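Report on one structure; see the data block that follows.
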Amino acid sequence: MDSLTNLVWHDGKLFGIEWSVWKVVGWLGNAVFFSRFFVQWYVTEKKKRVVVPSAFWWLSLIGSLLLLVYSLRQRDSVFIFAYAFTWIPYIRNLIIHHRHKKAHLDCPGCGNICAPQSNFCSACGARLAGTGATVA
Ligand SMILES: [Zn+2]
């Protein structure tokens, strides 16, 4: 128990860290960025296939921006470069995800969300509006 207490409270500081507002920003960035793995893992296990949900890209974006702000404050060129450009693919993936989701079609019969460019509902077989499908 003493070693655990010593780990948490070391040299009169929480985790032995010299805390400041900027340390909180940096550690918050680390926590948000790291949490994305658990979100992706959870969704993948739940759906039984590899899935990268939009929450993963949001956590990536927010965490990396917090870490960029922290590294700019610290004037650490290594970490500034590491996080200076990562927001580009995160935002691009969020835009693509949004467009893909918007392109899905709602079935008027059963409310099922159908894949883009579907002619018929995969759940009830109803014809989907606006797809140009014709019944022979
Ligand atoms: Zn349907």
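Bear in mind the structure is a predicted one, so any value in this text is a computation, not a measurement. For ligands, and for the atoms within them, numbers begin at 1 and follow the listed sequence.
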Requested in this report: Measure the acute angle between the ring planes of Y83 and F79, then classify it against the limits of 30° and 60° as parallel, tilted or perpendicular.
Outcome: parallel

Query raised in the report: With under 30° as parallel and over 60° as perpendicular, where do the rings of F56 and F37 fit, or are they tilted in between?
Result: perpendicular

Query raised in the report: Is the closest side-chain heavy-atom distance between S54 and L94 below 4.5 Å?
Result: yes

Query raised in the report: Under 3.5 Å, side chain of Q40 to main-chain N/O of V51, donor-acceptor pair present?
Result: yes

Report task. Check side-chain contact (heavy atoms from CB on, under 4.5 Å) between I17 and all other residues, then give those that pass, not counting sequence neighbours. Result -> F15, W19, K23, W27

Query raised in the report: Protein N/O/S atoms under 2.8 Å from the Zn ion (ligand 1): how many?
Result: 4

Report task. Determine whether W9 and L14 make a side-chain contact, defined as any pair of heavy atoms from C-beta on separated by less than 4.5 Å. Result -> yes

